Amino acid sequence: MIHRIKGTQDLLPGEIEKWQYLEQKARDIFARYGYMEIRTPIFEETELFVRSIGQETDIVQKEMYTFADKSKKSLTLRPEGTAPVVRACIENNLLAGSGTLKLFYMGPMFRYERPQKGRYRQFYQIGAEVLGPDNPLIDVEVMEMLVRFLEELEIHPYQLHINSIGCPGCRPKYLKVLRAEITHALPQLCADCNRRASTNPLRVLDCKVETDQAHINALPASLDYLCEDCRTHFAVVQRFLNNRDIHYSVNSRLVRGLDYYEKTTFEITSDLLGAQNALLGGGRYNGLSESLGGPAISGFGFALGEERFILALPKEDYFWMRPEVYLAPLGPACFDFAVTLASQLRRNEIRAFLEFGDKSLKSQLRHADKLRIPFALIFGTEELHRKEIQCKNMRDGTQVTIRAEVSEIIRAIRGDTAR
Ligand code: HAM
């Protein structure tokens, strides 16, 4: 027996419908806001992630699935989608003179993390990137879209956290002060903080160790060191969030785990999740395109974890893509009719399931029930002789005799007439 790899999941019928629902809803909302889909390869040159996410980040240091292919080239299974999307835009010349570009993607990402509830080694992200001007209204529009998305999915409560971590102009000054303050606190801080103090001091702010919290809360905040441009940008973001009645809290410790961010960073968390409470995260990355050899174009985007959204969805029936009707022929003599009827129903856009085995009625109905199919059509030779069929409502157990015609069947299961 060969088992699946630790930190991965098989998504089975019964569960997968939630994923389809989530992805369809995402496609709907992206279309309304003018995004188009992009699909990039699952693996890329390792250098792409090292240069964009940052050499000193946890992702690059500890979490990447990196391997040499047969030509000894170093490849990495993508741990995130932003760098590949920007790489693809540069390579395919999508950024040249074409105004704002809005792209979305969905698919598996890979990180060698310690698996736990809501945290996997292969996980799925749905993300979007806006490449264009450095305009704070883009930041607000993305957040507004996400709030609308959560409302439409009926996921609540959730909290929107925002911060600004400055730009390459003002951040060095802040980092100098932060480093000095961290150095004072080092003896009281955990081993990870001690390591990060010199390599990536911003990440010290992200430490979750209980005993470190009081010391970290006392550290200086990037918001107090922003240059004029970053301060104005952040003020506009807040003003327009307020105008649109979008509730948020400013969290000066929200630094994110990828180095490409500048100015706005944001996350949406939910108490519906466990320790891994981030439903999604994102921010602005104005220098990324240039650092990958592309034009000087700004970017803003986010990615959400599908596994976490699935955990947070209301506990409803998500069997919406399932067959609507189960055809239960009573014996091989009825198969000819069953095959023709199934074909006619499908041509009328009815999702029909036909059992091919010669099964008893009892076992067919048990099967329909297991598949959560709402109606079963039951017919033996006697019924067909009378041009009749039994239509059983599997939810309430009621059964009616109807004419063995497509229009009648559609009326019975959909409550409307045939199209
Ligand atoms: P991230 O915060 O690393 O950002 O990931 C975004 C989301 O992916 C997280 O909030 C979480 O829901 C989900 N996620 C991350 N790691 C795991 C995991 N191991 N298991 C399950 N879910 C996970 C990014 O990836 C950026 N590329 C987002 C972005 C797009 N920023 C700008 N544009």
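As the structure lists them, so they are numbered: ligands from 1, and atoms in each ligand from 1. On a predicted model such as this, the values are computed, not experimentally measured, just so you know.
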**OP:** For the residue pair E15 and Y318, confirm or rule out a side-chain donor-acceptor distance under 3.5 Å.
**Re:**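 Distance-only check fails for E15 and Y318.
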Subject >> Pair S249-N251, side-chain donor/acceptor within less than 3.5 Å >> reply: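 Their side chains do not contain a donor-acceptor pair, so the 3.5 Å distance test is not met.
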**OP:** Please could you name the atoms of ligand 1 that G118 approaches to less than 4.0 Å, counting only its heavy atoms?
**Re:**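 Heavy-atom distances to G118 below 4.0 Å select 20 (N), 21 (C), 22 (N).
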Original post:
Atoms of ligand 1 less than 4.0 Å from E80 heavy atoms?
Top reply: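 So the atoms of ligand 1 that pass are 25 (O), 26 (C), 27 (N).
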Of the side chain and backbone of [X], name the one, both, or neither that has a heavy atom under 4.0 Å from an atom of ligand 1.
X: R121; answer: neither
X: F300; answer: neither
X: I59; answer: neither

Original post:
Are side-chain heavy atoms of M145 and F302 found at a separation under 4.5 Å?
Top reply: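 Answer yes - side chains close enough.
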Original post:
Can you tell me which residue and heavy atom of the protein come closest to atom 14 (N) of ligand 1, and the distance to 0.1 Å?
Top reply: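 It is F123 CE1, 3.6 Å.
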**OP:** Just need the protein heavy atom nearest to atom 5 (O) of ligand 1, so name the residue and atom and give the distance.
**Re:**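 In this structure, atom 5 (O) of ligand 1 has Q125 NE2, 3.2 Å as its nearest protein heavy atom.
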Original post:
Out of Y261, Y285, F309, whose heavy atom is nearest to atom 28 (C) of ligand 1?
Top reply: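 Looking at heavy atoms only, Y261 sits closest to atom 28 (C) of ligand 1.
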Original post:
Does R203 pair with D206 as a salt bridge, N-O distance under 4.0 Å?
Top reply: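 Here R203 pairs with D206 in a salt bridge, since their nearest N and O are under 4.0 Å apart.
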Original post:
Could a heavy atom of Y124 be found less than 4.0 Å from some atom of ligand 1?
Top reply: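 No, Y124 has no heavy atom closer than 4.0 Å to ligand 1.
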**OP:** Can you sort out the partners of E154 under side-chain hydrogen bond (donor to acceptor under 3.5 Å, both in side chains), two or more places apart, ordered by chain and number?
**Re:**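 Counting only residues at least two positions away or on another chain, E154 forms no side-chain hydrogen bond (donor to acceptor under 3.5 Å, both in side chains).
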**OP:** Output yes when a side-chain donor or acceptor of D10 lies under 3.5 Å from a complementary backbone atom of L12, and no otherwise.
**Re:**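 Side chain of D10 to backbone of L12, a donor-acceptor pair under 3.5 Å: no, none is there.
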